[in-house]
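As the structure lists them, so they are numbered: ligands from 1, and atoms in each ligand from 1. Nothing here was measured: the structure is a model prediction, and the numbers come from that model.
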Amino acid sequence: MMTCSECGHEERSMKTTYRPDDGDEHALCERCYGEVAGEVLIVPGPAYCFGTCRECGGWFSVRDLSERTGGGRYSSPVGLCRGCSGEPA
Ligand SMILES: [Zn+2]
Ligand SMILES: [Zn+2]
């Protein structure tokens, strides 16, 4: 069971979200997630299709990250995004 950090609603599975401004993870039910969808990032699941850029800290598709290494934050890949690696977008 997971508990929504906003309203306390309980559900078997919930989105785990990450707030870039405070660096905290929160479980959110669909309703509460909908309210803050523009402000939070979903913590990726085991499929790791997203990784973080070690320069700017942003989340990118692993295809957009170069010099990728595993085992970063949340065990997701860490690399350099196109902007930070100087590649043309
Ligand atoms: Zn909620
Ligand atoms: Zn970057």
Side-chain angles (χ1 to χ4, degrees):
M1 249 355 198
M2 294 177 76
T3 306
C4 175
S5 63
E6 288 294 317
C7 68
H9 177 74
E10 289 192 344
E11 244 171 73
R12 191 130 35 116
S13 74
M14 257 175 222
K15 288 182 168 59
T16 304
T17 60
Y18 168 72
R19 261 184 194 279
D21 37 331
D22 65 9
D24 268 357
E25 285 177 44
H26 304 275
L28 291 178
C29 69
E30 288 297 326
R31 190 167 56 87
C32 295
Y33 171 71
E35 290 172 10
V36 296
E39 301 163 33
V40 298
L41 297 161
I42 305 266
V43 175
Y48 303 144
C49 35
F50 288 90
T52 48
C53 172
R54 74 169 75 90
E55 281 297 314
C56 63
W59 286 91
F60 298 91
S61 158
V62 290
R63 269 170 287 152
D64 290 331
L65 291 170
S66 58
E67 298 177 40
R68 214 156 61 226
T69 54
R73 193 160 200 155
Y74 312 115
S75 308
S76 58
V78 175
L80 279 178
C81 74
R82 290 181 187 203
C84 295
S85 67
E87 276 178 50

Metal-centred angle, the Zn ion (ligand 2) as apex - SG of Cys81, SG of Cys56, 10° resolution:
120°
Side chain to side chain contact (heavy atoms under 4.5 Å, CB included) between Arg54 and Glu67: does it pass, once the steps are laid out?
CA-CA 10 Å; Arg54 74 169 75 90; Glu67 298 177 40; 3.9 Å; yes
Distance from Ser85 atom OG to Glu55 atom CD, nearest 0.5 Å?
9.5 Å
Angular separation of Cys53 SG and Cys84 SG about the Zn ion (ligand 2), given to 10°:
110°
Backbone N/O of His26 and side chain of Thr17: donor-acceptor pair under 3.5 Å:
yes
Once rounded to 10 degrees, what value does the angle at the Zn ion (ligand 1) take between SG (Cys7) and SG (Cys4)?
110°
Nearest atoms (heavy-atom pairs only) where Leu80 meets Cys53:
CA-SG, 4.1 Å
